[in-house]
Protein chains: 2
Amino acid sequence: MNPTPPPPPRAPPAPVPETACRDCPLRPLKLFHEPTGEELELVQSLKRRERRLVPGEVLIHEGQTDAPLYTLLQGWAFRFKTLSDGRRQILSFLLAGDFIGVQQKMGDAAAHGVETLTDALACVFQRDALWELHRRSPMMGFNVTWLTAHEESMVDDTLLSVGRRSAEERIASLLILLFKRAGALQLDAGAGGVAFPLTQQHIADGLGLSLVHTNKTLRKLERHGLHRIAEGRLYLRDVKALARLADLYGDGRPPPRPLV
Amino acid sequence: MNPTPPPPPRAPPAPVPETACRDCPLRPLKLFHEPTGEELELVQSLKRRERRLVPGEVLIHEGQTDAPLYTLLQGWAFRFKTLSDGRRQILSFLLAGDFIGVQQKMGDAAAHGVETLTDALACVFQRDALWELHRRSPMMGFNVTWLTAHEESMVDDTLLSVGRRSAEERIASLLILLFKRAGALQLDAGAGGVAFPLTQQHIADGLGLSLVHTNKTLRKLERHGLHRIAEGRLYLRDVKALARLADLYGDGRPPPRPLV
DNA sequence: CGACGTCTTGATTAAGTTCAAAGTTTGTGG
DNA sequence: CCACAAACTTTGAACTTAATCAAGACGTCG
């Protein structure tokens, strides 16, 4: 079917100074709820350390039993599952502000792996942070539920794509969705495109397509002037046409969401 | 691509006596956590009423903005999304004990529809029950997060299937998974098979396949003696072979989970 | 330079879709 | 209890999309 080569290994990260939650680089983005001082303190108290990662580094191994909780502070990553013969499906892409590891419910084995696409920085929380969050702040607990539900609805979208959209449609919708997410995180909106660290293999694995067919479809859309990917950036040339292809409805800015 | 005919309409349900949470028919199944008296009272206080449903009835419409929260007490249902030309993807199947509606985050439009497969009974909760649950019982809030994460991990599994498994493999894994879930809910284990209300169209829509190909693949597996579906029941004849096909690992009983 | 990872393209093949048509089961009303 | 309609299942045949196979081009890094 569709095996995927093993991820590229690289040198381990060097130690770095820590960021205080109150100085979290993500807060100024007004993409998130304004936390109270108490909430900030609570999160800070649960944060164990930071972890700096290089591209292709595995944050959580499939089947790992003791994975901690993370919040991605910088960079891109993705969640994935693999079949025993190597076929891989990327379940979702993770960007700054995404919460990682709620799925491996309590002491259970991680049902999916997490790997970085770029250099990245992640907050590491102690294993019982999830419970502490709920126990000590119902609001933060509620936020975690919200984030988890939000994450699920992104997987729902992908499942719709992979199950029912053609290759062209899948790619169009992925490009639009990632463009929006990445755009929301960078100060200057879409003008000069957004950073786009995926290889075609990642796109293929995220959409249930083969590498070759992904390439051909991507080229076709590009030839028709719908988009362009160059030097690690994505430019949408004809959002209308892409949206039409993708059969995407909603377009409003995403509502503010919690940050843990 | 793959349009789906509209769901069959039927007469509206008649009013019925309500069930008290403390007499919840699901509790005895020891499939769920043992709730404290307080928790039971809390849930009871948030429960508004019950809703009895016939097969093919829509519990939540795609895009509906004021959908309440439900817990499915009896029967089967499924969550789905539809493309504007009618192609439909079933996102997950819902069985007794499943919590419905967490995804439509707070006052937002439901991103997916929910429809029954059988006669069903659902507990209806007031709209702010999600928050009340968190606020008044961190443990119940935590349970909601757990359930949401669990639900996501089921979608993850389906995405792996639809993205990377062949038709045979997809069907094998769906049959096994549903067999386990349904089996866990009926007192007598798999001996005589489990109730199985899906039509081939539902299987197709759940696996991203066409109806015709689903039928052919199903027949093939049946001819090879792997399973049998008859009179609305599913019998697994060769679980080993099915599991091998599906490339399924874990087999232990599912851990007890919360019931809200 | 050579090795490796990524992208690109053409040719061939296979899995799955679409079309068409019967056959079967189930529910309804007379 | 029968007749009929509707929904569901089954099968064959033609067609299409996407996978697989095979090479080559390009770029980066040691």
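Residue numbers start from 1 in every chain, and the chains themselves are labelled A, B, ... in the order their sequence lines are given, proteins ahead of strands.
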Undergrad: May I have the distance from I229(A) (atom CD1) to dC7(C) (atom P), rounded to whole angstrom?
TA: 9 Å
Undergrad: Starting at atom CG of L218(A), determine the distance to atom C1' of dC7(C), rounded to an integer number of angstrom.
TA: 10 Å
Undergrad: Between atom CD in E169(B) and atom P in dG16(C), what is the gap in whole Å?
TA: 9 Å
Undergrad: Give a yes/no answer on whether the side chain of Q200(B) brings an N or O atom under 4.0 Å of OP1 or OP2 in dA7(D).
TA: no
Undergrad: Only counting residues at least two apart or in another chain, list the ones meeting side-chain hydrogen bond (donor to acceptor under 3.5 Å, both in side chains) with E151(B).
TA: R79(B), S92(B)
Undergrad: Taking the side chain of V212(A) as heavy atoms from C-beta outward, which of dA19(D), dT11(D), dT9(C) is closest to it?
TA: dT9(C)
Undergrad: Need to verify one output field. Residue with the more 5' nearest nucleotide on DNA chain C, H213(B) or R223(A)?
TA: R223(A)
Undergrad: Parallel, tilted or perpendicular: which one describes the rings of H202(B) and F78(B), with boundaries at 30° and 60°?
TA: tilted
Undergrad: Report yes if a side-chain nitrogen or oxygen of R219(B) is closer than 4.0 Å to either non-bridging phosphate oxygen (OP1 or OP2) of dT11(D); otherwise report no.
TA: yes
Undergrad: Both R170(A) and H202(B) contact DNA chain D. Which one's nearest nucleotide lies toward the 5' end?
TA: H202(B)
Undergrad: Evaluate H112(A) against F80(A) for ring pair (Phe, Tyr, Trp, His ring centres under 6.0 Å), listing each step before the verdict.
TA: CA-CA 5 Å; H112(A) 60 260; F80(A) 65 95; 8.2 Å; no
Undergrad: Could you check T217(A), T214(A), N215(A) and say which one makes a side chain to side chain donor-acceptor pair (under 3.5 Å) with Q200(A)?
TA: N215(A)
Undergrad: State which of dT17(C), dA22(D), dC7(C) makes the closest approach to the side chain of N215(A).
TA: dC7(C)
Undergrad: Just the rounded figure in Å: distance from C1' of dT6(C) to CZ of F196(A).
TA: 14 Å
Undergrad: Closer to the 5' end of DNA chain D via nearest nucleotide, is it T199(B) or K216(B)?
TA: T199(B)
